[in-house]
Amino acid sequence: MLVELHVRDFAIIDEVVLRLEPGLNVLTGETGAGKSLLVDAVAVLVGGRADVEMIRAGAERALIEGLFQVNEATAALLAPILDEYGLREEGATSELVLSREIRQGGRHVARVNGRLVPLHVLKEIGQVLVDIHGQTEHLSLLRAREQLELLDRYAGVGELRAALAERVARWRAVRREIEQLRQDEREKARRMDLLRFQIEEIEAARLREGEEEALLQERNRLANAEQLAHLADAVYRALYEGEDEAPSALDRLSEAARALQALARIDPFFQPYLEAMEGLSAQVEDLARAVRDYRERIEFNPRRLVQIEERLDLIRRLQRKYGDTVAEILAYARRARQELETLTHAEERLADLEEEAERLLREIGEIGEALSRRRQEAADRLAREVEAQLADLRMAGARFAVALERTPDEEGAYANGARWAFDATGLDRVIFLIAPNVGEGLRPLARIASGGETSRLMLALKVALARADPVPTLIFDEIDQGIGGRVGAVVGEKLWRLARHHQVLCVTHLPQLAGFGDAHFKVEKQVAGERTVARVQRLEGEARVAELAQMLGGTGRAAVQSAREILEYVARLKAGEEARSPSRRRS
């Protein structure tokens, strides 16, 4: 509910802080005092149209702030919006603060919990929190989509709706895959030809991972064969054969080993070194044999060098097309084979998907038909209840109906021997219809004229749908327009009963209606410092009696007595109702 409304420099309002109560809040005052300005301020607060002309003369900006207390049901509706835009406060909270600034120059600022937000976000949140019916505002009940949602909540078909939405989501996913598979056949054929060529080209190369590195090493050896042979020969001669009269390294080591052996016979200290010397001689001999073998294997093979260059050229051509390394080329080939496999078996997959789509269309039609039956039953109940409410409001000749319409679609869901268009809500389009006067035909609710007739129709619907309507705060601006005192008492009682399920704020000129208020506020104009300002005062006790008497037409004893009788009648009615239904008392 709206706990507190703070308005500053808005039209003739310099500054007002309005602390509202749960239940029915009524605003009274003379015409032009500024009652409707407070409704306009709330409309701006929840995303309505704002204009610089709304700023109080002489001020730089107008500010409107609202503190809302949020229950669990409303919090659940707000959660997706707050999460989407990162507005959820840390930890659980039952409060939400909205604010709107109207600035000179046309730049306006919207905030939620102190954070700047685009106007459309403020409007999304506002539609969950407040519903306004005024001379320039629209009711959510006039939106066709909302009519369907309200009827479904009234009918209690949440489980059917969820089951239907799940099938529709799956059907849409299947259709997307079908469309993807049904791409242009020539394009698919070209793609398959290209994949086959690429796979064959890679497979024909018979690449092996690590092959490029091995070829580069072999090419290096062949290109430098003469130098390698010369160097290997020099190493072998130095280690094993020696040159001219110079002994080889192995000869010198053998000579050293004999001398070391003689030392060890005299002094055992050299014995370990003798063993090391023997091992070193063996290593040198092994190295000499390895170098000799390497020298003998060196080829002067220009033909093999050409073959290697050709192989490396092939690898480089493939790398330019498919990847920087042999491993990447082979990975590309694996992916190409998988894609070709998918395209080759696309017809089989397409047949399976089309079969699944048909099955889903039949399931959607079956669930949609069951949903339609439940809706029709609820629509009949709702029509009777709304017409009963209208009769209480002196519109006994008015008729109300809920129309369920379908649109034929050759590719739609199967139901009742035909095919129908559908979406995640089902097969139906819901339209609230009204015939306000005897002899008139039923017309869509959205097209009825404004005025007292409209107000009573809206009230009848709100009362009938009170338990299904999730909007916590309902605002009615001059709902008593065009109705008399007797009907005003009926309207007041209905608003009070409506306030058992919602917070209701009502601007009224009728004392019979105002008497039902759980909280009564008087709006009046005053002159302060040669400026006209609006002031709001909460009335209780004798002040409230005086205001009702004034609304009845005077301050004489008869008017005061009538005002007291209104309040006493309302008090008795409320006490009796509370006594009969203690479990429905508001906390």
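All values reported here derive from a predicted model rather than from experimental measurement.
No side-chain donor-acceptor contact under 3.5 Å links Tyr414 and Glu366. For His509 and Thr28, the side-chain atoms include no donor-acceptor pair closer than 3.5 Å.
Listed here is the closest heavy atom pair of Ala415 and Glu369: CB-OE1, 3.6 Å. Residues Leu404 and Ser372 share a closest heavy-atom pair of CD1-O, 3.8 Å. When all heavy atoms of Ala464 and Val386 are compared, the pair lying nearest together is CB-CG2, 3.7 Å. When every heavy atom of Leu150 is checked against every heavy atom of Pro470, the shortest pair comes out as CD2-CD, 4.3 Å.
For Ala163, the side-chain contact (heavy atoms from CB on, under 4.5 Å) criterion is met by Arg167, Ile367, not counting sequence neighbours. For Glu53, there are no side-chain hydrogen bond (donor to acceptor under 3.5 Å, both in side chains) partners, not counting sequence neighbours.
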(request) Just do the salt bridge (Lys or Arg N to Asp or Glu O under 4.0 Å) check on Asp193 and Arg196 with the steps written out, would you? (result) CA-CA 5 Å; Asp193 285 344; Arg196 289 191 189 97; 3.2 Å; yes
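More than 12 heavy atoms of other residues, nucleotides or ligands lie within 6.0 Å of CD in Glu65, so this atom counts as buried by the packing criterion. When the shell of 6.0 Å around CD of Glu179 is examined, it contains more than 12 heavy atoms from other residues, nucleotides or ligands. The environment of Glu405 atom CD is dense: over 12 non-hydrogen atoms of other residues, nucleotides or ligands sit within 6.0 angstrom. Within 6.0 Å of atom CD in Glu328, more than 12 heavy atoms from other residues, nucleotides or ligands are found, so the atom counts as buried in its surroundings. Few gaps surround CZ on Arg337; more than 12 heavy atoms of other groups in view lie less than 6.0 Å from it.
At a threshold of 4.5 Å between non-hydrogen side-chain atoms, the residues Ile64 and Leu5 count as touching. For the pair Gln198 and Tyr332, the minimum side-chain heavy-atom distance is below 4.5 Å. Counting heavy atoms from C-beta on, the side chains of Asn25 and Phe521 come closer than 4.5 Å. Between Ile125 and Leu98 there is a side-chain heavy-atom pair separated by less than 4.5 Å. Proximity of Gln503 to Leu474: side-chain heavy atoms (C-beta onward) are nowhere separated by under 4.5 Å. Put simply, the side chain of Met1 does not reach to within 4.5 Å of the side chain of Pro472, judged on heavy atoms. Counting only heavy atoms from C-beta outward, the side chains of Leu96 and Leu129 approach each other to under 4.5 Å. A heavy-atom distance below 4.5 Å is found between the side chains of Tyr154 and Leu465.
Taken to the nearest 0.5 Å, the CG atom of Leu513 stands 13.5 Å off from the CH2 atom of Trp496. Distance check, rounded to the nearest 0.5 Å: CZ of Arg153 to CG of Leu148 gives 9.5 Å. Note that CG of Asp477 and OG1 of Thr508 are 10.0 Å apart. Values are rounded to the nearest 0.5 Å. Atom CG of Asp380 is separated from atom CG of Leu382 by 9.5 Å, given to the nearest 0.5 angstrom. Atom CD of Gln127 is separated from atom CG of Leu122 by 10.5 Å, given to the nearest 0.5 angstrom. If you take CD on Glu187 and CE on Met192, they are separated by 12.5 Å, rounding to the nearest 0.5 Å.
Using bins of under 30°, 30° to 60° and over 60° for the plane-to-plane angle, the ring pair Phe400/Phe432 lands in the perpendicular bin. Between Tyr85 and His120, the two ring planes are perpendicular [angle over 60°; tilted spans 30° to 60°].
By the 4.0 Å N-to-carboxylate-O rule, Arg161 lies close enough to Glu149 to be salt-bridged with it. Salt bridge status for Asp518 with Lys574: present, with a side-chain N to carboxylate O gap under 4.0 Å.
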